[in-house]
Amino acid sequence: MKNSVYRAPKGTRDLVWPDSERRRSFIDLFSAIAGSAGYAEIVLPMFEHIEVFQRLGDGTDVVSKEMYDFEDKGGRNLALRPEQTASIVRSYAEHRPSLPWKVWYAGPNFRYERAQKGRFRQFDQVGIEALGTEDAYLDVEVIAIAWRFYESLGLKQVDLLLNSVGTLQDRIRYIEALSEYFEKQKNGLSTEAQETLISNPLRVLDSKRDEDIKVVSEAPSILEYLSDEAKNHFNKVQEGLNKLKIPYSVKPNLVRGLDYYVQTTFEFTTKSIDAAQDAIGGGGRYDGLAAEMGAPATPGVGFALGLDRTLMACEAEKTFIGPGQFLQVYVVDTTGGENSLVITDELRQKGFKVDRSFGNRSMKAQMKAADKSGAKIALIIGEDEVEKGVVTIRDLRGEEGQEEIASDSVIANLEKRLG
RNA sequence: GUGACCGUAGCUCAGCUAGGUUAGAGCACCUGUUUGUGGUACAGGAUGUCGGGGGUUCAAAUCCCCUCGGUCACCCCA
């Protein structure tokens, strides 16, 4: 039973009802909100040529150590997608749809890392991407869609963290200055941070270790290195958010884990989850990515939200709770099962959620199953009922008791009771 | 990749410190009390390679080693 082969692989799990249905409703709600803003669904391959993802940045963990890569029988180097933005830009470069191109997606991503609370090797994300304009109001639209989605879920403890990492040139200048500063302060940094400094200086800003926090807090701010172009863009984003009354806080050391971001970056965190992983969503602008994949230079902006973590937050805030009832009617038949075979089929065609038991069990056992099923109503068919041409209809949840009704009035009766 | 804790019935766990007859409890499940009626009560029943392998011992769920798996944290991200 506990052997290591016949079980879900590390970092994966089986989702069964009601969790499976909650996931579906989550995606349905997201689809409705993204659709209302002109975003169309896109369904992408779960794996790509590995080069697609290497565009995320050699110095990033996602590429250097978390990639599920493999060689197929044709000798192609492929990788399960660790995220979907890169695939979308690849799809854009491949098909060149007319602009603006606005798409939403939902589905699993894969990262090879140690699982912990709120972190899995296979995890679902929903997100949107919009390509084709540098207008900062598009950044605002994108952020607003995420924000309204959280509101629709009923989440109240979400914080929007906002930053600008400037243009590509700004970022290069900033990294130089930052490296210089950290080199001088090297002795005050943890050994881990010192290693990060070599591979990706920006990431040091993200460190959670106490010793680093002091050094980081006095580090030069990206905001001082923004060009006029980047400043204007960033101001317009903030102004737009203000107009929509979406609260945010500017966090200059918010740098995201993927190298392709320029200008706007943002992240959604929650206070409600009791776990170290409190980032439930994030995104930003990636104006250079399309060109890197062989398309004409095309600006883009988007976000991804973690489905599992967001649902954890919903659970903590007691909102967007799962489906209420699974079944409406349970048919109890002690005459061999043929009568229930026919009536369940009829009722199902009428749209009722109906189940029954199999295997000629005793009435008591069937009633027990009816109760456990959660159904509101039991339809009882025994010898007496068959003789009289009636069905006993019994209220399992309320005070209404039971009554015999004519067989041909069952549907009308159920419609009245279940409304 | 690093660290800490954990691994006994379907689930939650006791037993392990000072090794010793057929390994326990609660919940869930099945049957009955109720010759047609669930949710309460009572009675009975089925259920375990004590994660796996090796070692110590007359004897290991219990001690030692290895291994696999889980959880949480670091790293990083959703």
Side-chain angles (χ1 to χ4, degrees), chain A residues 1-13 56-57 59-66 82-85 106-127 146 190-193 195-196 199-200 202-204 206-210 212 254-258 267-270 273-283 303-313 330 332-335 357 359 361-386 392-398 401-402:
Chain A
M1 285 300 155
K2 294 279 165 73
N3 84 56
S4 55
V5 175
Y6 297 119
R7 57 187 304 155
K10 197 182 190 68
T12 71
R13 60 257 148 85
L56 304 178
T60 64
D61 279 16
V62 169
V63 170
S64 63
K65 72 172 200 192
E66 295 173 4
E83 57 123 48
Q84 301 192 46
T85 304
N109 303 325
F110 307 85
R111 290 182 197 172
Y112 189 87
E113 52 188 341
R114 291 275 286 260
Q116 67 187 69
K117 191 166 195 179
R119 192 169 70 187
F120 311 94
R121 288 185 168 182
Q122 175 178 334
F123 61 100
D124 277 306
Q125 283 186 335
V126 298
S190 64
T191 49
E192 291 91 337
E195 283 168 28
T196 311
S199 58
N200 198 337
L202 284 177
R203 295 240 55 87
V204 177
D206 243 4
S207 174
K208 289 181 199 166
R209 282 173 290 264
D210 291 341
D212 298 332
L254 173 71
V255 291
R256 302 197 29 86
L258 306 171
E267 196 165 288
F268 299 96
T269 60
T270 176
I273 299 181
D274 179 29
Q277 310 304 329
D278 64 349
I280 57 173
F303 67 73
L305 310 184
L307 187 149
D308 312 289
R309 287 186 192 174
T310 305
L311 282 178
M312 281 169 64
Y330 199 95
V332 172
D333 177 3
T334 57
T335 67
S357 73
R361 309 180 67 204
S362 71
M363 169 166 277
K364 186 186 173 75
Q366 292 190 51
M367 284 302 296
K368 235 174 173 171
D371 181 52
K372 216 180 59 175
S373 78
K376 189 164 182 282
I377 284 166
L379 289 181
I380 302 167
I381 306 166
E383 302 296 346
D384 296 354
E385 283 83 357
V386 172
T392 296
I393 184 165
R394 180 174 174 85
D395 178 19
L396 293 171
R397 309 296 155 198
Q402 66 184 46

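A, B, ... follow the sequence lines: proteins, then strands. Residue 1 opens every chain.
The side chain of A:Arg119 approaches B:A78 more closely than any other nucleotide in the set B:A73, B:G38, B:A78. When distances run from any side-chain atom of A:Thr392 to the nucleotides B:A78, B:U37, B:C76, the shortest one goes to B:U37. When each of B:G38, B:C75, B:U31 is scored by its nearest atom to the side-chain atoms of A:Gln277, the top-ranked nucleotide is B:C75.
A:Glu113 comes within 4.0 angstrom of a base, heavy atoms only. Using a 4.0 Å heavy-atom cutoff across all strands shown, A:Ala370 reaches no nucleic acid atom at all. The residue A:Leu396 sits close to a base: some heavy atom pair falls under 4.0 Å. Contacts of A:Glu267 with the nucleic acid, taken as non-hydrogen atoms under 4.0 Å apart, are absent. As judged by a 4.0 angstrom heavy-atom cut-off over every strand, A:Ala378 is placed among residues making no nucleic acid contact. Contact annotation for A:Arg361: backbone-only contact, meaning every heavy-atom pair under 4.0 Å involves sugar-phosphate atoms and none involves a base. Nucleic acid contact for A:Gly281: sugar-phosphate only, since backbone atoms but no base atoms lie under 4.0 Å from a heavy atom of the residue. Using a 4.0 Å heavy-atom distance criterion, A:Phe120 is classed as a base contact. Residue contacts for A:Gln402: at a heavy-atom cut-off of 4.0 Å it reaches a base atom on one of the strands shown. Counting any heavy atom pair closer than 4.0 Å across all strands shown, A:Glu385 reaches a base atom.
Judged by distance alone, with hydrogens and angles left aside, A:Gln366 brings no side-chain donor or acceptor close enough to the base of B:G36 to form a pair under 3.5 Å. The base of B:G38 lies close enough to the side chain of A:Arg394 for a donor and an acceptor atom to sit less than 3.5 Å apart.
OP1 and OP2 of B:G38 both lie 4.0 Å or more from every side-chain N or O belonging to A:Lys372. A close approach under 4.0 Å does not occur between any side-chain nitrogen or oxygen of A:Arg114 and OP1 or OP2 of B:G3. A sub-4.0 Å separation between OP1 or OP2 of B:C74 and a side-chain N or O of A:Gln116 is present. Taking only side-chain nitrogens and oxygens, A:Lys364 comes nearer than 4.0 Å to OP1 or OP2 of B:G38.
The partner of B:A4 is B:U71, judged by Watson-Crick or G-U wobble contacts that both fall below 3.5 Å. Across all strands shown, B:C50 remains unpaired; no Watson-Crick or G-U wobble contact has both distances below 3.5 Å. Across the strands present, B:C27 finds its partner in B:G10; the criterion is a Watson-Crick or G-U wobble pair with both atom distances under 3.5 angstrom.
Map A:Lys10 and A:Lys368 each onto its nearest nucleotide of RNA chain B; the residue landing nearer the 5' end is A:Lys368.
By the 4.5 Å heavy-atom criterion applied to side chains, A:Asp308 and A:Arg13 are counted as neighbours. For the pair A:Arg309 and A:Phe123, the minimum side-chain heavy-atom distance is 4.5 Å or more.
The CZ atom of A:Arg361 sits 9.5 Å away from the NZ atom of A:Lys368 when rounded to the nearest 0.5 Å. Atoms CG and CG, on A:Asn109 and A:Asp124 in that order, are 8.0 Å from each other to the nearest 0.5 Å.
For the pair A:Arg121 and A:Tyr112, the cation sits on the ring face: its NZ or CZ lies under 6.0 Å from the ring centre, inside 45° of the axis.
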